[in-house]
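When a residue number appears, it is its place in the shown sequence, counting from 1. What you see is a predicted model; the values in this text were computed from it and never measured.
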Amino acid sequence: MRDFGKCLRNCLEDDFEDTLVIAGADLSHIGGQFGDDRVIDESFQVEVEKSDRKVLEYLAANDAESFLQHVRDTENPTRICSVGCMYAAMSALGDTSVKVLRYHQAIDGDGQVGVTCAAAAFVV
């Protein structure tokens, strides 16, 4: 993903036209379906949000290397599946301002399956 991010960044820098880049990424995948031994109750949701918000701090700082190191150091306990996509976006769109716009948790009614996501804008 590092090479892809650098290549995309070079393409963007060489293009004289304005370019819109859209990257989609989930954050955490939680609950029994993903291997957790507990129901997704309010306290679990708070823990996951705290973990996700830490990741989003690196995104907001547009700090790709620290983001990747954090995921490595914590061993990705909530199974963020889009680490590569997020890393590539930060690598390609470096030197931009990032604003996290919204955070959301989608949890099924039985508390067995949950996926979290966030919206962010990279602005030149």
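Within the 3.5 Å criterion, the main-chain N or O of Cys81 finds no donor-acceptor partner in the side chain of Asp26. Checked by atom type and distance alone, the side chain of Gln105 pairs as donor or acceptor with a backbone atom of Gln45 at under 3.5 Å.
With rounding to the nearest 0.5 Å, the separation of CG in Asn62 from OG1 in Thr96 is 4.5 Å. The CZ atom of Arg53 sits 10.0 Å away from atom CG of Leu27, with the distance rounded to the nearest 0.5 Å. Distance CZ/Arg72 to OG1/Thr74: 11.5 Å, rounded to 0.5 Å. Atom-to-atom distance recorded for Asp18:CG and Leu12:CG is 11.0 Å, nearest 0.5 angstrom.
Taking every heavy atom of both residues into account, Met86 and Ile80 meet most closely at SD-CG2, 4.4 Å. Heavy-atom minimum distance, Asp63 versus Ser66: OD2-OG, 2.8 Å. Nearest heavy-atom pair, Phe44 versus Asp41, reported as atom, atom and distance to 0.1 Å: N-OD1, 2.9 Å. When all heavy atoms of Ser91 and Gly5 are compared, the pair lying nearest together is CB-CA, 4.0 Å.
Using a 4.5 Å cut-off on side-chain heavy atoms (C-beta onward), Thr78 and His29 make no contact. Residues Gln69 and Glu65 fail the side-chain proximity criterion, which asks for heavy atoms closer than 4.5 Å. Arg38 places a side-chain heavy atom less than 4.5 Å from the side chain of Ser43.
The only member of Val55, Leu56, Leu59 that meets side chain to side chain contact (heavy atoms under 4.5 Å, CB included) when paired with Phe67 is Val55.
Legend: salt bridge (charged side-chain N to carboxylate O under 4.0 Å, His left out) pairs involving residues 75-100, not counting sequence neighbours, sorted by first then second residue: Arg9-Asp95, Asp36-Arg79. Residue pairs meeting the salt bridge (charged side-chain N to carboxylate O under 4.0 Å, His left out) criterion with at least one member in residues 113-124: none, sequence neighbours excluded.
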Side-chain donor-acceptor pairs of residues 113-124 under 3.5 Å, sequence neighbours excluded:
| from | atom 1 | to | atom 2 | distance (Å) |
| --- | --- | --- | --- | --- |
| Thr116 | OG1 | Ser28 | N | 2.8 |
| Thr116 | OG1 | Asp52 | OD2 | 2.7 |

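Val39 and Phe34 sit in two unconnected hydrophobic clusters of ILVMFWY residues. Membership requires side-chain heavy atoms under 4.5 Å apart, directly or through other members.
Ring pair His70/Tyr58 is tilted by interplanar angle, where 30° to 60° counts as tilted.
Heavy-atom contacts from other residues, nucleotides or ligands closer than 6.0 Å to CD of Glu42 number 12 or fewer.
Between Lys54 and Glu57 there is a salt bridge, with a side-chain nitrogen of the basic residue lying less than 4.0 Å from a carboxylate oxygen of the acidic one.
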